[in-house]
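Lettering follows sequence order; numbering is per chain, from 1. Reckoned from all heavy atoms, side chains included, excluding hydrogens, waters and symmetry mates.
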There are 2 protein chains.
Amino acid sequence: MLTACSTIGVAHEERIDACHSAPRSEQLSGTGTVPAVVMSYAADERVFGQGMPRRFVYKVKSGVVRTFTLLGDGRRQIDAFHFPDDVFGLELNDDHSLSAEAVAATQLLVFQRSLIDRAAENNCAMAQELLSLTGRTLERTRAQVVLSRRSAIERLANFLLNLGSRVGTETSVDLPMSRYDIADYLGLTIETVSRMLSELERIDAIVLTTTRHIVFRDRVKLTVLSNPPMG
Amino acid sequence: MLTACSTIGVAHEERIDACHSAPRSEQLSGTGTVPAVVMSYAADERVFGQGMPRRFVYKVKSGVVRTFTLLGDGRRQIDAFHFPDDVFGLELNDDHSLSAEAVAATQLLVFQRSLIDRAAENNCAMAQELLSLTGRTLERTRAQVVLSRRSAIERLANFLLNLGSRVGTETSVDLPMSRYDIADYLGLTIETVSRMLSELERIDAIVLTTTRHIVFRDRVKLTVLSNPPMG
DNA sequence: CGCTAGCTTGAATGACGTCAAAGCGAGTGG
DNA sequence: CCACTCGCTTTGACGTCATTCAAGCTAGCG
């Protein structure tokens, strides 16, 4: 009955509507619970699309999601990768200004936007939570602006360290995303990403055991390159 | 009694504390009023500094303010210019992550942060307003990330059009800020800004009647260059 | 074993930054 | 009123770094 038509960009929402499993009370963040259902997405499956009505808010249960903007010239700016416990789909307007896709097999908690909005109108704690989430997103986006002025190798070092702190161990990290994804996130080309990874390996900062698995060999070198802004 | 020591970065706040003029009820945004006092700032005078306790929230009454980050290597990333009716100094943390300075002679409405926070705890409408302001800031910051992938001339065309829509007329705009400010906002050097302005003049998109006054000669050319992202 | 998609590597191009010098304009003092 | 000066701006020559174009390579899979 439900054919594979994720490219149309609506099927996933029909699937959510058709999901008759009982919503469970789940935390969006911090305090307060809201009913939510769990949905599964295959790699590269669309979650929502730019310009579509913003009916749901999402929280990653497992897997990874990318949110991105498609530019006029066909290029793609990846806004953020969302890992377990991250909330996304929370915006100001009634329509999405970004698109979202699963990077790998992913499970999401799906909240009705109307329920969250209603909760925020009656309950200042919920409104504060939304403010806090948006504020944190703003901080990360500002950091991205600052990063975008730095060199390719610095951006990549910073990216690997951040990724490691989210989904890696002390000594290594598995890249859930392709070189294309990394390039579109950092504002580089896949060739440059590849070259800089090779360069990081050449200076013994990392080892690429496979194309998707990175071992941190010298965190200090990475940290110096990542060189966070300060006053 | 109060010596000129704005470089220390505290004098301005002492001045606010010492201001015994009766606070008037003022709108932060939309609905709801909060007591505020008016403060005047000279060109380049500091409003607050990175790392300082975040005691106030500001709204521009007249003039222009720049908020910026100082990077480890001494470079400066201007985060935003704030024009009349813009609110700034609203962040997530208890300390400022940005610095703020007047670009030109400026008057600000100064609100106590504690009053605003208290209002937001008891009054969901105020909390919603803060959320809306932060959301709008986030949108602008995202647009900056997207812009930072584009060429120098495109960034500049986009900047001039945005500036024109805020403080210009149909046909012209006065630049309140220096080439340094523009460069640090767009992530370019002053030389490149200057070259691109000359280039825009060469292709008859604008005319620079003085270094600070720009006449729009062909808005279409600017718009095509500015070429907003779309899906 | 060969195919394909994703990744890596190389060489040439181009955009912006850097360094250097000259131009311009507003304020100052003669 | 004019010459001088200082800071900002413009312009030029050149270097650097990321992109582009073009092969090759590798790993997963039929």
So what does A/Ser198 hit on the nucleic acid, given a heavy-atom distance under 4.0 Å: a base, only sugar-phosphate, or nothing?
-> sugar-phosphate
Select one nucleotide: of D/dT9, C/dC16, C/dT8, the one nearest the side-chain heavy atoms of A/Arg179.
-> C/dT8
Rounded to the Å, how far apart are B/Met196 CE and C/dA15 P?
-> 9 Å
Between P of C/dG10 and CD1 of A/Ile190, the distance in whole Å | 16 Å
Taking the side chain of B/Leu188 as heavy atoms from C-beta outward, which of C/dC7, C/dG17, C/dT9 is closest to it?
-> C/dG17
Passes salt bridge (Lys or Arg N to Asp or Glu O under 4.0 Å), A/Asp181 versus A/Arg76? Steps please.
-> CA-CA 9 Å; A/Asp181 285 337; A/Arg76 182 184 67 157; 2.8 Å; yes
When we call it a touch if two heavy atoms are under 4.0 Å apart, what does A/Arg212 touch: a base, just sugar-phosphate, or nothing?
-> sugar-phosphate
Protein-nucleotide distance (B/Glu154, atom CD; C/dA15, atom P), rounded to Å = 11 Å
Below 6.0 angstrom between ring centroids: does that apply to A/Tyr185 and A/Phe68?
-> no
Is a salt bridge present between B/Asp73 and A/Arg149, judged by a nitrogen-to-oxygen distance below 4.0 Å?
-> no
Whole-Å distance, B/Asp184 CG to C/dG17 C1', equals 14 Å
Go through the side-chain N and O atoms of B/Gln50 and B/Ser97 and say whether any donor and acceptor fall under 3.5 Å apart.
-> no
Return the value, rounded to whole Å, for the distance between atom CD of B/Glu199 and atom P of C/dA15.
-> 11 Å
What pairs of residues pass the salt bridge (charged side-chain N to carboxylate O under 4.0 Å, His left out) test when at least one of them lies in residues 188-201 of chain A, not counting sequence neighbours?
-> A/Glu199-A/Arg202
Could you give the CG-to-C1' distance, from B/Leu156 to C/dA15, as a whole number of Å?
-> 15 Å
Could you tell me whether the side chain of A/His213 reaches within less than 4.5 Å of the side chain of A/Leu175, counting heavy atoms only?
-> no
Have a look at B/Thr210 and say if it touches a base, only the backbone sugar-phosphate, or nothing, with a 4.0 Å heavy-atom cut-off.
-> nothing
To the nearest Å, how far apart are A/Asp73 CG and D/dT19 C1'?
-> 14 Å
Go along nucleotides 20-26 of chain D 5' to 3' and tag each nucleotide: B for a protein heavy atom under 4.0 Å from its base, S when only backbone or sugar atoms are that close, - otherwise.
-> BB-----
Can you check the B/Arg149 CZ to D/dA18 C1' distance for me, whole Å?
-> 13 Å
Looking at A/Tyr41, is A/Arg15 sitting on its ring face, NZ or CZ under 6.0 Å from the six-membered ring centre and within 45 degrees of the normal?
-> yes
Which one, D/dA18, C/dC7, D/dT10, comes nearest to the side chain of B/Thr211?
-> D/dT10
Touch class at under 4.0 angstrom, heavy-atom based, for B/Ser194 against every strand present = base
